[in-house]
Amino acid sequence: GGEFGAAYMVEQHPEVLEGVKYALGEFGGSNISIAGKKFYPIQVSEKQICQIKLTVHGPGGHGSSIVPNNCLRKVATVIERLNDRRMPVHITPPVRAMVEGMSQGVGGVVGMVIKLLLIPRFTDFLLDRLGDVGLALIPMFHNTVNATIISGGEKINVIPSETIIKLDGRMLPGMKPEQMIAELRDVIGFGEEDVKIEVTLHEPGPSSVDFGAFEVLSAALKELDPEGNPIPMVLPAVTDGRHLAKLGIQTYGFIPMQLPEDFEFFKVAHAEDERVPVDSIDFGMEGIYRVIKSYKG
């Protein structure tokens, strides 16, 4: 989580970073294909960590008895609803800029359809029809949670009356935990007497974007690949940018890579065979070098 890296430097040695306005970090800069056009999403913002604990209550009993609507039955319902239902659509400024860039880059009728992503009543309908690209875009329009730890019960012959579900929550830039809780309550559909919701960790990220160096990054990519279209992006995860933002530093996710069209980058990231083609490293080094060389401050 950066505790011994960026967070340590920001909290203990901010003087080292005095005068720094921009930073280059993970995650953007690799190409994706949309409607036959090549785009290079550059990360300009990121979601916030909002870890949540659900405490589910229900009638317990002996393992041999029939206990309708018991605690674990409620847990199953909660998990099912978390998988099947989405929180509301939100159009943040950087996502608006991203969609407008995609629309302009594709052009024509398809570009006009892509722009409909900015109308909330159409957003999910279109995302569900964009295949793998749509799956990658969904978290940029929604607050999200995933159940990652479930604990309950101590004996095989006892139906528990309380179970804990821990959720990895990721909240859109500019939103507050109380908004996340309200949206989550609507999704799970249980009241406080059945499911208690607590935020156990909230790490806010930058609430606004400084696009001041975006054109420098875009220009470097356009020089290396004139067919590419640089666009801004909101990262569904978090980076050290959330720590640097405390000092007013704008972080750009910029690790340029020119990947083969059939290379499924998001599927190999953090997977058992995580890798990138060697040629993409050369492309990335050249891209970062050009940015550093051309930046005037």
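Atom set for the values below is all heavy atoms of this structure, side chains included, hydrogens, waters and symmetry mates excluded. Bear in mind that the values here come from a model prediction, so they are computed numbers and not experimental data.
Side-chain polar atoms of Asn229 and Tyr40 form no donor-acceptor pair below 3.5 angstrom. At a cut-off of 3.5 Å, with distance as the only test, a side-chain donor of Thr77 or Arg73 sits close to an acceptor on the other residue. Side-chain N/O atoms of Glu46 and Thr239 include a donor and acceptor closer than 3.5 Å. In summary, the side chains of Asn31 and Gln258 do not present any donor paired with an acceptor at a separation below 3.5 Å, with no hydrogens or angles considered. If you check the side chains of Ser64 and His62, you find a donor sitting under 3.5 Å from an acceptor.
Aromatic ring centres of His13 and Tyr8 lie closer together than 6.0 Å.
The other members of the hydrophobic cluster of Ile159, by chain and number, are Val67 (side-chain heavy atoms under 4.5 Å, ILVMFWY only).
Note on residues 47-70: pairs passing salt bridge (charged side-chain N to carboxylate O under 4.0 Å, His left out), not counting sequence neighbours, are Lys53-Glu198.
Tyr22 and Tyr295 have perpendicular rings, their planes meeting at more than 60° on a 0 to 90° scale where under 30° would count as parallel.
Although no hydrogens or angles enter the test, the distance criterion places a donor-acceptor pair under 3.5 Å between the side chain of Ser103 and the main chain of Gly111.
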Check step by step if side chain to side chain contact (heavy atoms under 4.5 Å, CB included) holds for Gln48 and Arg242. CA-CA 8 Å; Gln48 308 173 67; Arg242 71 191 191 281; over 6 Å; no
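For the side-chain contact (heavy atoms from CB on, under 4.5 Å) test, residues two or more places apart in sequence or in another chain that qualify with Glu80 are Asp84.
Taking the charged nitrogens against the carboxylate oxygens, Glu192 and Arg185 do have a contact shorter than 4.0 Å, which makes a salt bridge. Salt-bridge check for Arg86 with Asp128: passed, with a basic side-chain N closer than 4.0 Å to an acidic carboxylate O.
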